[in-house]
Amino acid sequence: MSWNQDEPPTNPYRAPDWQFQQVPTVPAQPPAPPPPPRRRAWVLPTVAAGVAVVLVGGTAGAYLLYGRPASSDEPAKPTPATGAPTPPATTQPAAAATLDVCSMLPTAEADRLVPQATVDKRSRDAQYAVYSYCTWTNRRISHGEYWRSRQISVNIAQYRPSGPKTGRAEAQAMHESELGFYTFKAKNEPTDEKKEPGEKDYHSQVKHYPGVGDSAYGQYTWRRDKMLWYSFGEGRARVDDMIIQVKYEASQQRKDAEFLSAESTQSISEENALREVGVLLTHLAKGAAAWKAAHPGELAQVAPSPTQTSTPTPATKPTPSASPTVVAQLPPACRRIAPAMTKLVPGATERARAGTADGAKETECRWLNLKVPSGKDRRRILSAMVTIQVFTNRAGAGDPAAAKSSYATKLGSAQSTANSQLGGLSWGKIEKLDDLGDDAYVQYWTDRQNAVFNGSGDVLVRMGPALIRASFSGAELGVDEPTNSPKVKLLGEKEAREGALTVARAIVASLSESGLKNDE
């Protein structure tokens with residue numbers, strides 16, 4: 001069950017096993033440190049002047065490491081000589097009690113909500129309270145055909161006494177004030193007459209979480225305007241003189257969505273957002289209560305500036321690809337299409353290599369001739385190439401889902417550069433193909449940047465657990481002319497596309513004839 005993309009939700013119940021609803025969203029910027037506590041925080045997220053989009057990159061997470069030197073690392077103290085007077089004992093001041101917010105959320109819970117997160121920890125001392133922060137962020141999580149974006153933001157404020165009022169009283173007053181503001185937002189949505197064209201807002205009723213700290217509540221927010229679409233869950237809990245603020249954002253978008261577009265974007269639903277806010281507040285309230293019990297009557301101290309490490313965790317370390325090795329002869333699938341390839345590339349030299357890439361078994365076949373005659377004192381460079389990747393699961397069986405995810409990633413990357421130019425590289429439009437495999441597209445691109453200038457047609461085909469890339473490229477130049485001379489004439493788009501389609505149809509037919517297993 002879902003609501004119209006142009007209308008806010010009217011029903012808190014959602015379809016089971018589906019976390020997201022079709023409400024466009026753009027990931028909100030990380031929250032700025034809140035103002036002094038006498039002003040409301042997190043009323044609306046900061047609206048950025050521009051939208052930052054990550055085009056490429058992995059999802060390796062960087063973690064912050066903290067600690068003090070072990071006692072074994074301290075310099076040894078000299079032993080007094082026999083009979084020498086013993087120096088008077090000195091009392092070392094107790095170490096400052098810092099509040100480690102990041103450690104209050106179990107690792108398994110953080111990994112579930114924000115896989116492979118980058119973790120940031122900060123603290124600051126303000127006039128009315130000491131603030132301790134932690135954020136877990138991953139804005140680019142590959143999940144099948146989607147890129148997912150997740151973030152948890154936590155702020156714990158421990159209030160100081162103010163005149164006759166204790167820190168507990170100060171925190172309680174602020175907590176109750178914010179509850180009134182949450183309630184007001186839920187009951188007083190701006191009328192359409194007071195909104196800009198296309199602007200829509202929705203704030204859920206306040207949800208209370210009994211038994212969490214001294215008091216806890218949460219709210220779901222959904223908003224759409226001309227510049228920014230988003231939804232998130234947020235909540236607050238009080239533990240004695242501490243107020244815990246939590247915000248959880250989650251969204252996803254298809255990998256093949258248009259560049260800088262909200263097309264196919266989905267954001268977290270009300271039911272799921274409020275559930276996760278309750279889970280987070282429960283863990284953090286227990287952690288705050290434990291800290292209070294261990295440090296009775298103490299005020300948290302600002303932590304020293306941490307050192308960030310970029311070393312990925314074991315779960316995020318990239319899997320190395322084995323260097324491809326030349327094999328003695330073409331595999332069966334390539335041998336069957338060799339006659340057609342030598343028509344495209346007369347006098348070609350054949351080559352085959354095998355290895356692994358992206359966790360899949362990979363086979364590459366190529367037909368190349370650097371000196372195809374093309375009139376007096378002219379030559380052509382022509383190349384036909386096939387790359388076959390076969391994905392398998394842990395049991396060794398074909399994995400179509402992995403192939404589908406990889407196809408979506410490659411298509412999304414290609415769409416981000418379609419009809420554009422960078423330096424000496426340019427990329428043409430992408431054309432989807434309905435008569436090849438399960439999914440396929442063709443694209444023409446040119447290279448006037450690397451050692452061999454050329455124009456190339458590329459076809460990517462998904463067929464069951466396999467991805468097949470078929471390419472046909474070439475150029476025309478003088479017999480003794482350098483391959484990167486400005487005079488090189490690149491293979492034209494029509495010939496390159498038609499050649500790539502010929503290669504693609506031949507290899508797909510060859511693989512269909514005998515099946516992938518027989519041709520690995």
With a 4.0 Å cut-off on N to O distance, would you call Asp439 and Lys410 a salt bridge? no

Are the side chain of Asn155 and the backbone N or O of Gln245 linked by a donor-acceptor pair below 3.5 Å? no

Using side-chain hydrogen bond (donor to acceptor under 3.5 Å, both in side chains) as the criterion, list what pairs up with Thr282, not counting sequence neighbours. none

Check whether any side-chain N or O of Gln443 sits under 3.5 Å from a backbone N or O of Gly428 as a donor-acceptor pair, and report yes or no. yes

Separation between OH of Tyr220 and CD of Gln205, rounded to the nearest 0.5 Å: 14.5 Å

Within-4.5 Å side-chain heavy-atom neighbours: Leu105 and Trp136: yes

Check: His175 ring centroid to Tyr217 ring centroid under 6.0 Å: yes

For the residue pair Ser132 and Val101, what are the closest heavy atoms and their distance? CB-CG2, 3.5 Å

If you define the side chain from C-beta out and look only at heavy atoms, does anything of Leu179 sit under 4.5 Å from His208? yes

Of Glu249, Arg150, Gln151, the residue whose pairing with Thr137 passes side-chain hydrogen bond (donor to acceptor under 3.5 Å, both in side chains): Gln151

Would you check if the side chain of Tyr248 reaches a backbone N or O of Leu274 as a donor-acceptor pair within less than 3.5 Å? no

Testing the basics here: between Lys429 and Asn419, what is the closest heavy-atom pair and its distance to 0.1 Å? N-OD1, 3.3 Å

Output for pair (Ile156 CD1, Ser123 OG), nearest 0.5 Å, gives 12.0 Å

Less than 3.5 Å apart, any donor N or O on the side chain of Tyr133 or Arg124 sitting next to an acceptor on the other? yes

State whether the side chain of Ser406 and the backbone N or O of Ala402 hold a donor-acceptor pair below 3.5 Å, judged by distance alone. no

Evaluate Asp100 against Lys121 for side chain to side chain contact (heavy atoms under 4.5 Å, CB included), listing each step before the verdict. CA-CA 8 Å; Asp100 188 353; Lys121 175 182 176 180; 3.1 Å; yes

Can you tell me how far apart NE2 (His203) and CG (Asn188) are? Round to the nearest 0.5 Å. 10.5 Å

Between the side chains of Thr446 and Ser426, is a donor N or O closer than 3.5 angstrom to an acceptor N or O? yes

So, Gln301 side chain and Leu299 main chain: donor-acceptor pair closer than 3.5 Å or not? yes

Going from OH on Tyr146 to OG on Ser405, what distance comes out if it is rounded to the nearest 0.5 angstrom? 12.0 Å

Do Val130 and Arg160 have side chains that get closer than 4.5 Å, going by heavy atoms? yes

Residue set satisfying salt bridge (Lys or Arg N to Asp or Glu O under 4.0 Å) with Lys404, at least two apart, ordered chain then number -> Glu145

For Tyr444, what residues pass the ring pair (Phe, Tyr, Trp, His ring centres under 6.0 Å) criterion, not counting sequence neighbours? none

Minimum-distance pair of heavy atoms, taken over all atoms of Tyr131 and Ala126: CE1-CB, 3.6 Å

Side-chain heavy atoms of Ile430 within contact of Leu411, under 4.5 Å: yes

In terms of heavy-atom contacts, Tyr209 and Gly278 come closest through CE2-CA, 3.4 Å

With a 4.0 Å cut-off, would you call Glu178 and Arg238 a salt bridge? no

Closest approach of Tyr159 to Ala171 (non-hydrogen atoms, all atoms of both residues): CD1-CB, 3.8 Å

Considering only NZ, NE, NH1 and NH2 on the basic side and carboxylate oxygens on the acidic side, decide whether Glu234 and Lys185 come within less than 4.0 Å. yes

From Val239, Val212, Val154, Val279, residue fulfilling side chain to side chain contact (heavy atoms under 4.5 Å, CB included) relative to Leu284: Val154

Tell me if a side-chain donor or acceptor on Asp214 pairs with a main-chain N or O of Asp240 at a distance below 3.5 Å. yes

Sidechain-backbone polar pair: Gln219 side chain, Ser204 backbone, donor-acceptor under 3.5 Å: yes

Can you find a heavy atom in the side chain of Trp147 that is under 4.5 Å from one in the side chain of Thr409? yes

For Gln158 against Ala300, the heavy-atom pair lying closest together: OE1-N, 2.7 Å

More than 12 heavy atoms of other residues, nucleotides or ligands under 6.0 Å from NZ of Lys165: is that the case? yes

Could you tell me whether the side chain of Asp458 reaches within less than 4.5 Å of the side chain of Arg469, counting heavy atoms only? yes

Can you measure from CD (Glu276) to CD (Glu109) and round to the nearest 0.5 angstrom? 7.0 Å

Main-chain N/O of Thr98 paired with Trp291 side-chain donor or acceptor, under 3.5 Å: yes

Asp438 side chain to Gly464 backbone, donor-acceptor under 3.5 Å: yes

State the CD1-OG distance between Ile268 and Ser149, to the nearest 0.5 angstrom. 11.5 Å

Would you mind reporting whether Val442 and Leu433 have side-chain heavy atoms less than 4.5 Å apart? yes

Kindly determine whether Arg236 and Ile243 satisfy side chain to side chain contact (heavy atoms under 4.5 Å, CB included), including the steps that lead there. CA-CA 7 Å; Arg236 298 167 69 94; Ile243 288 183; 3.5 Å; yes

Is there a side chain to side chain contact (heavy atoms under 4.5 Å, CB included) between Leu113 and Leu280 once you walk through the steps? CA-CA 10 Å; Leu113 294 173; Leu280 291 168; 3.7 Å; yes

Mind checking whether Ile388 and Met463 have side chains closer than 4.5 Å, heavy atoms only? no

Would you please test His295 and Leu99 for side chain to side chain contact (heavy atoms under 4.5 Å, CB included) and show each step? CA-CA 10 Å; His295 305 87; Leu99 189 65; over 6 Å; no

